[in-house]
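Just below is one structure, and these are the notes that go with it.
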Amino acid sequence: PEEEAKQLTDAANELAKSIPPKELKHGIRVLVRTQSSGRACHLEGRLRSFSRRPDGRWDIQVDAPLIAPKRRTFIYSENSSEFMIPPEGRLQMGVGARVIGPFPDLSAEGGWAWYEGDVKAWDGQKATVQYTDGCTWVARYPSSTHMLDIDRSEQLLSPLSLAALGKNVEKVPLIVIREGKKMAPDPLRLGGRVLVRSKGTNDVDCFLEGRLVDWKELKEGNWEFAVDAPLLDPKRYTFIYGKDTSAYIIPSQRNNDDLKISVGARVVGTFDDKAVRGGWAWYEGEVTAWDGAHATVKYKDGSQWKTKFPPQRQLLDVRRSEDVLSLSAVKNMDAENIAVIVIKEAKREAPKEMKIGMRLLVRSSGMNSGPCLIEGRLKELKERSDCRWELSVDAPLTNPKSRTFMYSENPSEYLVPPDPELKMELGVRVVGCFGDREAEGEWAWYEGDVTAWNGTTATVEYTDSSVWKTQYPSRREMLNIDESEKLLTVNTVRSLNPARMPLLIIREAKKGAPDELRIGKRVLVRSTGANGAPCLLEGRLVDFDKKGDDEKWNIVVNAPLGTTKRREFVYRAEASEYVIVSPEKEHKMGVDARVVGCFGDSQAEGGWAWYEGVVVGWENGRATVVYTDGTTWTSKYPPEQRFVDIKHSEALLDRHSVSGMNPEDMPLIVISPSQG
């Protein structure tokens, strides 16, 4: 019996080996990895056949490029470095997703190629993609899906058809090849310049010109990133961010002339060198003299050169590095006109407003995953090798964890209360402290705007839509950051009467804002749900400000509610990316009114969403609505007030409650009135 069992097991194993991997299907799209002018790209290919090898693995035969096909053979692997099989089903589009898009490329076989990129912004209809060559383009998604028919690829995707798109890159078809992942630390930017340490003539240290092409988070929380270098003859390198710092340099992503050059600054300059791969490299040196237009630099090989600074801007455009910093271009540069990058400024003073021991509020999440700020204290401030300042913060103070941030004048991860405190007046932004069992430390600061001020009492509307009246100034003795662990304990904060709660003013009033902009209002953000159908996510306005030279108002929306995700938009009265719902301007219900109703949707962020529809029937308090997905439902109107009160949205509208609703009881919101 044991021998028979063994024979059956062996037979089953042998049968399993004879079954090809499920991804292998005749005629499917297979993208063949290659290079064009030193840039990594993919050729369009089609799987012709596959066969089992004696060692149990599988050979695949691919025709690529399809316009002038060559038969290519590869050993099948799910993570091959030679080819890629795009996912069969449509993956979720979102920030951080890896995509591929086709572009004309006369240097590539067949005259065009697929290029990889990461989605940097996604509004539900358009994706902003930064490609591995450093270029950034905006494309609609999904769009031009007919162009992705692999059976007709020779006709649909050709140099002519892609060139016909011209500058209208919004119509470039995209394929999501990997869903969004956690964003890497700020210096790791797809397509950004990374200098890889090497050795030149006489074994002198130098750096190869490289470009960041991918990154991923490791299990232990570290980040691994991949670099192609040198760009004229690329080889793939991988590094652990923050650990292999001696092996690479990531120059500041700011404009080169924003980094201050002075005596003592560290720089790298371009020199041809036959001893390095690619024929040229960056050499490191120190500025020994600076007259405001020319820097005298002593390099590590002992040579000294006087060079104009800043250099011509096009020389530093990593997107065109293969062209502007080619071997011939570098060879023909005279010493005065070589490309120079400041990699570290001369030692400088720390930002004046950052003082060890000061209060620093860290953005986090609390009840119903809503945004809040937790009490922190600046523990350490140090300058990094890339000239930026790194903050170490203990937060929350009752059970401190050390957190690290990069200093910024407009930080998104933390907030520094002004010192001295600003004047209390109508419209200022404040924070007040509330008990919150779901926040770290079980209490947190919440932001709000002062909507009324009589000289002694401030009425504050908070970002969670709640409104409280508080005396000001009150309980100032509780704001001593040196004693915060004792003065602002969980028990103390929970016992506070809102009228006597300490307030901190964190920003001056925003004068002249449109009346429609009031924090806490419902804002529905356009997105996509099941099968890519358009929908709207439940959101709340948490901030607004003027930005840019044109001084347009920008709004910040927390959406979907139940997450800490913040989305920024330019404010427009008729916006395509969002809908501001104003209860004070409630629209009339009737035939032809445009409404939104809520439905469970596992593919929408948050597990549910609002869907748009048009009222086709209105009688006896019931509205019959045809939705954009073609379905028709009848619902009572007006709905129960509590279900459309944005103050209670997190508690009453979630994936479970919405999915379990009877369509007749589903809340409706009129977003455009009946014309009748």
Side-chain angles (χ1 to χ4, degrees), residues 28-31 36 39-46 64-67 84 86-180 190-191 319-320 525-535 569-570 572 574-578 603 612 628-629:
I28 64 170
R29 173 176 277 116
V30 179
L31 306 180
S36 174
R39 298 173 172 90
C41 60
H42 305 265
L43 300 179
E44 176 86 329
R46 185 182 288 128
L66 294 182
I67 292 176
M84 173 175 63
E88 186 175 1
R90 183 187 291 172
L91 300 183
Q92 182 75 27
M93 171 64 81
V95 173
R98 173 60 63 100
V99 301
I100 52 173
F103 292 90
D105 187 340
L106 297 179
S107 300
E109 291 183 70
W112 71 275
W114 292 93
Y115 277 84
E116 290 189 45
D118 282 354
V119 176
K120 296 300 180 184
W122 167 242
D123 64 7
Q125 296 178 327
K126 295 180 182 179
T128 302
V129 182
Q130 186 173 26
Y131 289 89
T132 52
D133 64 356
C135 294
T136 300
W137 301 100
V138 178
R140 289 187 174 276
Y141 183 85
S143 70
S144 304
T145 51
H146 73 283
M147 296 179 73
L148 299 178
D149 183 354
I150 185 61
D151 295 329
R152 300 169 55 219
S153 181
E154 293 90 336
Q155 294 82 40
L156 299 174
L157 289 177
S158 67
L160 288 176
S161 66
L162 293 173
L165 295 178
K167 295 183 179 179
N168 193 3
V169 291
E170 282 194 2
K171 294 185 178 179
V172 170
L174 298 180
I175 298 176
V176 181
I177 59 175
R178 188 176 67 206
E179 291 187 341
L190 192 70
R319 296 172 297 180
R320 301 176 56 223
V525 176
R526 296 195 184 279
S527 183
T528 55
N531 301 316
C535 63
F569 306 100
V570 175
R572 299 182 185 88
E574 295 292 333
S576 60
E577 308 100 323
Y578 59 86
Q603 293 182 34
E612 287 188 66
T628 51
D629 63 356

- Starting at CD of Q125, measure out to CE of M93 and round the result to the nearest 0.5 Å. 12.5 Å
- Query: When rounded to the nearest 0.5 angstrom, what distance separates CG in N531 from CZ in R90?
  - Reply: 8.0 Å
- Task: Mind checking side-chain hydrogen bond (donor to acceptor under 3.5 Å, both in side chains) for E612 and listing every partner two or more places apart, or none if nothing turns up?
- Result: R526, R594
- Message: Would you compute the distance between atom CD of Q130 and atom CG of D118 and round it to the nearest 0.5 angstrom?
- Response: 8.0 Å
- Message: Run the salt bridge (Lys or Arg N to Asp or Glu O under 4.0 Å) test on E577 and K126 for me, step by step, so that the C-alpha distance in whole Å, both residues' side-chain angles and the decisive distance to 0.1 Å come before the verdict.
- Response: CA-CA 10 Å; E577 308 100 323; K126 295 180 182 179; over 6 Å; no
- Minimum-distance pair of heavy atoms, taken over all atoms of I175 and R29: CD1-NH1, 4.1 Å
- Query: What distance separates I100 CD1 from C41 SG, expressed to the nearest 0.5 Å?
  - Reply: 11.5 Å
- Once the angle between the rings of F103 and Y131 is folded into 0 to 90°, is it parallel (under 30°), tilted (30 to 60°) or perpendicular (over 60°)? perpendicular
- Message: Testing the basics here: between G110 and P159, what is the closest heavy-atom pair and its distance to 0.1 Å?
- Response: O-CG, 3.2 Å
- Task: Please test D123 against T128 for side chain to side chain contact (heavy atoms under 4.5 Å, CB included), starting from the C-alpha separation and ending with a verdict.
- Result: CA-CA 9 Å; D123 64 7; T128 302; over 6 Å; no
- Query: Between E179 and R98, is the closest basic N to carboxylate O distance under 4.0 Å?
  - Reply: no
- Go through the steps to decide whether V99 and I177 satisfy the test side chain to side chain contact (heavy atoms under 4.5 Å, CB included), and finish with yes or no. CA-CA 5 Å; V99 301; I177 59 175; 5.9 Å; no
- Item | Considering all heavy atoms, the nearest A64-L43 contact | CB-CB, 4.4 Å
- Query: Once you round to the nearest 0.5 Å, how far does CZ of F569 lie from OH of Y578?
  - Reply: 8.0 Å
- Query: How about S153 and E44: does a side-chain donor come under 3.5 Å of a side-chain acceptor?
  - Reply: yes
- Task: Measure from the side-chain N and O atoms of R46 to the backbone N and O of I150, and report whether any donor-acceptor pair falls under 3.5 Å.
- Result: yes
- Task: Give a yes or no answer on whether the side chain of T132 reaches the backbone of G191 with a donor-acceptor pair at less than 3.5 Å.
- Result: no
- Message: Show the nearest heavy-atom pair for residues G101 and L174, with the distance to one decimal.
- Response: CA-CD2, 4.1 Å
- Is the shortest heavy-atom distance from the side chain of K171 to the side chain of R140 under 4.5 Å? no
- Got a sec, which residues hit side-chain contact (heavy atoms from CB on, under 4.5 Å) with P102, two or more places apart in sequence or on another chain? W112, W114, L157, L162, V172, P173
- Tell me, do V176 and Y141 make a side-chain contact under 4.5 Å, heavy atoms counted? yes
- Message: Can you confirm whether Q155 is buried at CD, in the sense that more than 12 heavy atoms of other residues, nucleotides or ligands lie under 6.0 Å from that atom?
- Response: yes
- Drop me the distance from R39's CZ to C135's SG, to the nearest 0.5 angstrom. 7.5 Å
- Item | Candidate pair H146 and R152, rule side chain to side chain contact (heavy atoms under 4.5 Å, CB included), full reasoning | CA-CA 9 Å; H146 73 283; R152 300 169 55 219; 5.6 Å; no
- Considering only NZ, NE, NH1 and NH2 on the basic side and carboxylate oxygens on the acidic side, decide whether R319 and D133 come within less than 4.0 Å. no
- What one should report as the nearest heavy-atom pair of I67 and S158 is CD1-CA, 4.0 Å
- Task: Identify the two heavy atoms, one from T528 and one from G124, that lie closest to each other, and give their separation to 0.1 Å.
- Result: CG2-O, 3.1 Å
